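Okay, so here's the structure we're looking at.
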There are 2 protein chains.
Amino acid sequence: MPLDPLSSTFAALADPTRRAILARLALGETSVMELAKPFDMSLPAISKHLKVLEHAGLISRGREAQWRPCRIAPASFKQVDGWLGNFRRFWDESFNRLDGLLEEMKVEEAAKAPPRSQRKVRVTKEKQRGRTRG
Amino acid sequence: MPLDPLSSTFAALADPTRRAILARLALGETSVMELAKPFDMSLPAISKHLKVLEHAGLISRGREAQWRPCRIAPASFKQVDGWLGNFRRFWDESFNRLDGLLEEMKVEEAAKAPPRSQRKVRVTKEKQRGRTRG
DNA sequence: CATGTACTTAGCTCATCGGTTAAATAACCT
DNA sequence: AGGTTATTTAACCGATGAGCTAAGTACATG
């Protein structure tokens, strides 16, 4: 049985060889041979690692003659980052300051607008999900 | 042999039960019994999961009489977030916009100051590490 | 077509992982 | 001391994971 996406992504990231491969790919698309070079490991081993990374949605692969160029695929990274966001308040100071600010703004807004039905906002849920900077 | 810290952290996160435990702990410190309740699983199994999480630096445990209250430990989360930051440019639009801005600023600064030795800045390295929001 | 290059698949080994039950430890409460 | 509650340790089992070698596939080129 296949694991849920987040589990297979984390599992894929739990190997230093695979993380090193991703670090290399962050510099740009490249071939399997090229990726294998830094490692004291058989080619099939690298091939397996790439399969794991692909299955985890962390890379995608193309076809160019006999080469299978690999590149970073953003989606799973984004998902991991999203999950991590649920815990950001535990370590990110600026996140907490921003939260304080947002809460202040909500309080002020609530003071201006008279309370209607469904006016109450679940701040805790709100601040844990789908945050972007900007 | 023990894995490197990042590997054991990712490995710890690669299990849905353990992620659910962390999600519960995000709501606040609690006991092993309390943590075990939602799961159809023996207590020793939970105990093992907690040991893995503790070893990964994702939780810490106290002592209060016969209870061992668990709570989120920030350090490993932060480390994961830091590692993920190396790849942020692949999915985070606002991150890219910010990078563009920073690069512009560097260009302007460089235009003002006449080129000295070691003036060249490795933007790529710079933008991949130790970023915080402000 | 034959040979070389770039991979992938198959089949094996060994270690680790997630779960189990049974027993041990630790602290509290008569 | 004896019992109850909370949690861990020990010993085991089946499944999965990372590595290997050997063989297979796909494409390019002489």
Side-chain angles (χ1 to χ4, degrees), chain A residues 1-25 28-71 76, chain B residues 1-25 28-71 73:
Chain A
M1 329 145 196
L3 290 177
D4 62 294
L6 211 43
S7 292
S8 32
T9 302
F10 276 126
L13 293 175
D15 184 287
T17 304
R18 286 194 289 260
R19 288 200 307 279
I21 289 175
L22 290 175
R24 169 62 189 82
L25 288 177
E29 179 170 327
T30 192
S31 73
V32 177
M33 277 305 210
E34 192 62 32
L35 285 172
K37 267 179 194 162
F39 304 102
D40 183 22
M41 199 181 290
S42 72
L43 212 49
I46 300 292
S47 191
K48 268 196 193 178
H49 281 307
L50 293 174
K51 197 191 244 179
V52 171
L53 287 169
E54 187 180 24
H55 206 86
L58 289 162
I59 67 170
S60 69
R61 291 196 269 185
R63 265 168 206 259
E64 267 181 54
Q66 63 256 238
W67 296 274
R68 310 294 310 278
C70 303
R71 69 197 80 84
S76 287
Chain B
M1 310 117 236
L3 290 176
D4 63 293
L6 211 43
S7 292
S8 31
T9 302
F10 276 126
L13 293 175
D15 184 287
T17 303
R18 286 193 290 259
R19 288 200 307 279
I21 289 175
L22 291 174
R24 168 62 188 82
L25 288 177
E29 178 171 329
T30 192
S31 73
V32 178
M33 276 306 209
E34 192 63 33
L35 285 171
K37 266 179 194 163
F39 304 101
D40 184 20
M41 196 180 293
S42 71
L43 215 48
I46 300 292
S47 190
K48 272 193 189 178
H49 281 306
L50 293 174
K51 198 190 241 175
V52 172
L53 288 170
E54 186 179 24
H55 205 88
L58 290 162
I59 68 170
S60 69
R61 290 196 267 186
R63 267 166 200 254
E64 267 182 53
Q66 62 255 242
W67 296 274
R68 311 283 153 80
C70 303
R71 68 197 80 82

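Note that this is a predicted model, so its numbers are computed, not measured. In what follows, every chain begins at residue 1, and chains take the letters A, B, ... in the order their sequences are listed.
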In whole Å, what is the span from the [atom1] atom of [X] to the [atom2] atom of [N]?
{"X": "B:I21", "N": "D:dT7", "atom1": "CD1", "atom2": "C1'", "answer": "14 Å"}
{"X": "A:L3", "N": "C:dG18", "atom1": "CG", "atom2": "C1'", "answer": "12 Å"}
{"X": "A:W67", "N": "D:dA26", "atom1": "CH2", "atom2": "P", "answer": "17 Å"}
{"X": "A:F39", "N": "D:dA18", "atom1": "CZ", "atom2": "C1'", "answer": "14 Å"}
{"X": "B:E64", "N": "C:dA26", "atom1": "CD", "atom2": "P", "answer": "19 Å"}
{"X": "A:R63", "N": "C:dT5", "atom1": "CZ", "atom2": "C1'", "answer": "16 Å"}
{"X": "A:R19", "N": "D:dA18", "atom1": "CZ", "atom2": "P", "answer": "12 Å"}
{"X": "B:F10", "N": "D:dG17", "atom1": "CZ", "atom2": "P", "answer": "17 Å"}

If you look at every heavy atom in [X] and [Y], which pair is closest and at what distance?
{"X": "B:P69", "Y": "B:E29", "answer": "CB-OE2, 3.3 Å"}
{"X": "B:I21", "Y": "B:F39", "answer": "CG1-CE1, 3.9 Å"}
{"X": "B:A12", "Y": "B:R18", "answer": "O-NE, 2.7 Å"}

Would you indicate, yes or no, if [N] has its OP1 or OP2 atom less than 4.0 angstrom from a side-chain nitrogen or oxygen of [X]?
{"X": "A:S31", "N": "C:dC7", "answer": "yes"}
{"X": "B:R61", "N": "D:dT8", "answer": "yes"}
{"X": "B:R68", "N": "D:dT5", "answer": "no"}
{"X": "B:R18", "N": "C:dG18", "answer": "yes"}

Open item on the list: Let me confirm one number: the CG-NE2 distance from A:L22 to A:H49, rounded to the nearest 0.5 Å.
Closed with: 11.5 Å
Task: Within residues 40-56 of chain B: residues closer than 4.0 Å to DNA chain D (heavy atoms) - done: B:L43, B:P44, B:S47, B:K48, B:K51
- [ ] Considering only NZ, NE, NH1 and NH2 on the basic side and carboxylate oxygens on the acidic side, decide whether A:D4 and B:R19 come within less than 4.0 Å.
- [x] yes
Task: A:I46 and A:M33, any side-chain heavy atoms less than 4.5 Å apart - done: no
Task: 5′-ward residue of the pair A:Q66/A:A11 relative to DNA chain D - done: A:A11
Task: Donor-acceptor under 3.5 Å (B:S8 side chain, B:A56 main chain) - done: no
